[in-house]
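Beneath this line is the structure, given in structure tokens, with notes to follow.
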Number of protein chains: 2
Amino acid sequence: MTGIRQLADHLQLSIGTVSRALNGKADVNAQTRERVLKAAMELGYVPNQSGRSLRKGTTSTVGLILTQGNSLGENNDNFFFGVIHGLQTALKKHKLDLVLLLCSRDEDPDSFLQRMVAQRIVDAVILTATRTHDERFDILRRANMPFVTLGRSESLGDASWIDLDFEGIARSSVTRLFGRGHRRIAVAVPNVDANLGPLFLEGYRQGLADCGLPFDENIVFHAETSEEGGYDVAEKVLATEDRPTAILLIAELMSVGLYRRLGEAGLTPGRDLAVIAERESPVGRFLLPRLTCFRLDLDALGRMLGEMLLSNLPTFAENYKDVPKGKIWPLELVEGESDPPLEMKETLLSDG
Amino acid sequence: MTGIRQLADHLQLSIGTVSRALNGKADVNAQTRERVLKAAMELGYVPNQSGRSLRKGTTSTVGLILTQGNSLGENNDNFFFGVIHGLQTALKKHKLDLVLLLCSRDEDPDSFLQRMVAQRIVDAVILTATRTHDERFDILRRANMPFVTLGRSESLGDASWIDLDFEGIARSSVTRLFGRGHRRIAVAVPNVDANLGPLFLEGYRQGLADCGLPFDENIVFHAETSEEGGYDVAEKVLATEDRPTAILLIAELMSVGLYRRLGEAGLTPGRDLAVIAERESPVGRFLLPRLTCFRLDLDALGRMLGEMLLSNLPTFAENYKDVPKGKIWPLELVEGESDPPLEMKETLLSDG
DNA sequence: CTGAAAGCGCTAACAC
DNA sequence: GTGTTAGCGCTTTCAG
């Protein structure tokens, strides 16, 4: 356990000088600094984080709050791994570390957050899985803890946020499907209070309006955003009186279950039911037919999220003046094989 | 910022008494304790972690080291989310917190770990994605940091570990497929230095030996443990001279790509190529045909991992004397639809 | 440019 | 049963 004391003794210097040398203060002899740095390296000295935090009043770590079993489904965690990389890139510039704080299923997200911020184990946090009404914003404000969120919420206040363009993709998906001949387009949204549900639905309605199509509650399906949820949705689609010819899925994982259920019914995804899903993922890319979906640059998103956070930290705000307060993150359509034009079908219909 | 000082002032008590009350020490008046606890609750007091750590020399947090882009593939992170829940259950009993430390792609895992342990931000760590030869064990031993690993390694020494029974599942899979009429069984293993590769292969060889089947290097495929890797494997299978009738996959994600490639070739997974994959997952459950795979209790595994760690911490070792030093975690076959008996095929062949 | 000393918030040893 | 005090490792005044 090499502490600064041992290092100082070994160098025959005072701990003050050693500390200043290590922290790159100007008022230290260049030669002395060199000696200190060399010895620190050799002895493998790294400052004790507790001592440092206590003295400085900051921990130099940022917490990403992940909520297990959240509205986004259990499995698309890999979404975060992309974002995290960008986050770390942004934070690294200021030697800030990132830790993930995982709120387990059987713990209340609000009290979990309360505990984490009270402990002052991090200087700032990034919130995910925002609910439409979310108490956590107040908790953080009360604790005076800087934060940004991935996801909008009605409780946002003046907090910084990034969110995917759920309205945009829903709206443009409807238009695209309309252009491909579809007149009856269903949608699948989460069955829980996640803020993205209403947004997606809103875009869907706008898309319908754009195309002069009627809104029909009977083809708005609420389900889990998982494979199983997709299976359930397909089940409902099959049972629908005037069966839709296309469907928008809020999560790509749903397509797996949907494909299976269609297959069980002897139907072919794409041909018998066109599918567009929210996010590009390896699974979607290797489904047959390949999923038409939306791509986004997770790394860039993470970087911007990091920069937003930095712009909220007094120490760094100066360098991040031009970072926006909120951002709707764009997604780009990736053409797959799951939403071919309806032409053939129409021909068949007009024949009958 | 309510500190113990403010709390003490507010209560007209010394900080010593307040501290003892809060920490459940015996020598404090029951009535006083009640007052303290009540006031702490009201003022939302939570001890500052830095102050506490500095004084006690321990942080009461455990770090789970996750390596991004590791040998397990990018996407099956949800594996960890199951394990983490169990881990937290075990650690919670002793009020230990868990933080996830994510080593990003562009950072060296060894130096990342070095930094994390030197900072003393955690009291102990859990290592994952163990390599066959892994420097990190020595780093931890040098730093005198207790640890357990999820995954075996040649560098283990006397460290505690849990690992899935890769030999076992490979071996029994071969036997099962043999029983179902298969005589030419391929295997797909990782193309990187992950310790599970050789283990899986070893079980595969044992299984072949059990059945009196020859080992043929031409049907041992090395690939990424991802959807894409599965696609590549299928490609190679199709190009194989004496085409295998069955295949073992080290990761269930591979099946997605494999299914697709077979589909592209007009072949049906299961019927034209039987598939058994390592781990049960939602994706596999909703593939068509449903994947035959192996199930394990992630939560229980996490709990045991936590208990193993506790048995390595001086403070808690006493309570965990009967926890084993190492454990090969059993998996249970989950019958799917992807490895039906070969009978029909055989009939067809004998007809031709 | 360097050393001495204060003090961040907390717990534990000791005194009463 | 409670108050007082030392000190965990570190950074940052303040002298010199």
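Naming: A, B, ... by sequence-line order, numbering from 1 per chain. All values below come from the heavy atoms of this structure, side chains included, with hydrogens, waters and symmetry mates left out.
Taking 4.0 Å as the cut-off between side-chain N and carboxylate O, B:R136 and B:D134 count as a salt-bridged pair.
Between B:Q12 atom CD and D:dT2 atom C1' there is a gap of 14 Å when expressed in whole angstrom units. Whole-Å rounding puts the B:L11 CG to D:dG1 C1' distance at 16 Å. Note: CZ (B:R5) to P (C:dT11) measures 14 Å, nearest angstrom. Atom CD in A:Q31 sits about 9 Å away from atom P in C:dT2, given to the nearest Å. In this structure, the CZ atom of A:R33 is 11 Å from the C1' atom of C:dC1, given to the nearest Å. Atom CZ of A:R120 is separated from atom P of C:dC8 by 17 Å (rounded to the nearest Å). Remark: C1' of D:dT13 and CG of A:N23 are 15 Å apart, rounded to the nearest angstrom. Between the CD1 atom of B:I15 and the P atom of C:dA13 there is a distance of 16 Å, given to the nearest Å.
At C:dT2, none of the side-chain N or O atoms of A:T17 fall inside 4.0 Å of OP1 or OP2 (strictly under the cut-off). In terms of phosphate contacts, B:Y45 brings no side-chain nitrogen or oxygen within less than 4.0 Å of OP1 or OP2 of C:dG9.
Closest contact between the side chain of A:R20 and the listed nucleotides C:dT2, C:dC10, D:dG9 involves C:dT2. Closest to the side chain of A:D27, from the set D:dT11, D:dG3, C:dT2, is C:dT2. Of all nucleotides listed (C:dT11, D:dT11, C:dG3), D:dT11 comes nearest to the side chain of A:S19. Out of D:dC10, D:dT2, D:dT12, the shortest distance to the side chain of A:R52 is found at D:dC10.
Residue contacts shown for B:S53 are absent, as no nucleic acid heavy atom lies under 4.0 Å away. A:N29 comes within 4.0 angstrom of sugar-phosphate atoms only, judged by non-hydrogen atoms across all strands, and of no base. Among the atoms of the strands shown, base atoms are found under 4.0 Å from some heavy atom of B:G16. Residue A:S50 is out of contact with every strand shown, counting any heavy-atom pair closer than 4.0 Å.
For the pair B:Q6 and B:Y45, the minimum side-chain heavy-atom distance is 4.5 Å or more.
Once rounded to the nearest 0.5 Å, the distance linking CG of B:L54 with CD of A:Q49 reads 11.5 Å. Residue A:F137 holds its CZ atom at 7.5 Å from CZ of A:R141, rounded to the nearest 0.5 Å.
With the nearest nucleotide of DNA chain C identified for both B:L54 and B:K25, B:L54 has the one nearer the 5' end.
Judged by distance alone with a 3.5 Å cut-off, no donor-acceptor contact links the side chain of B:R55 to the base of D:dG9.
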Side chain to side chain donor-acceptor pair (under 3.5 Å) between A:D123 and A:T59, intermediate numbers included: CA-CA 6 Å; A:D123 292 340; A:T59 61; 2.9 Å; yes
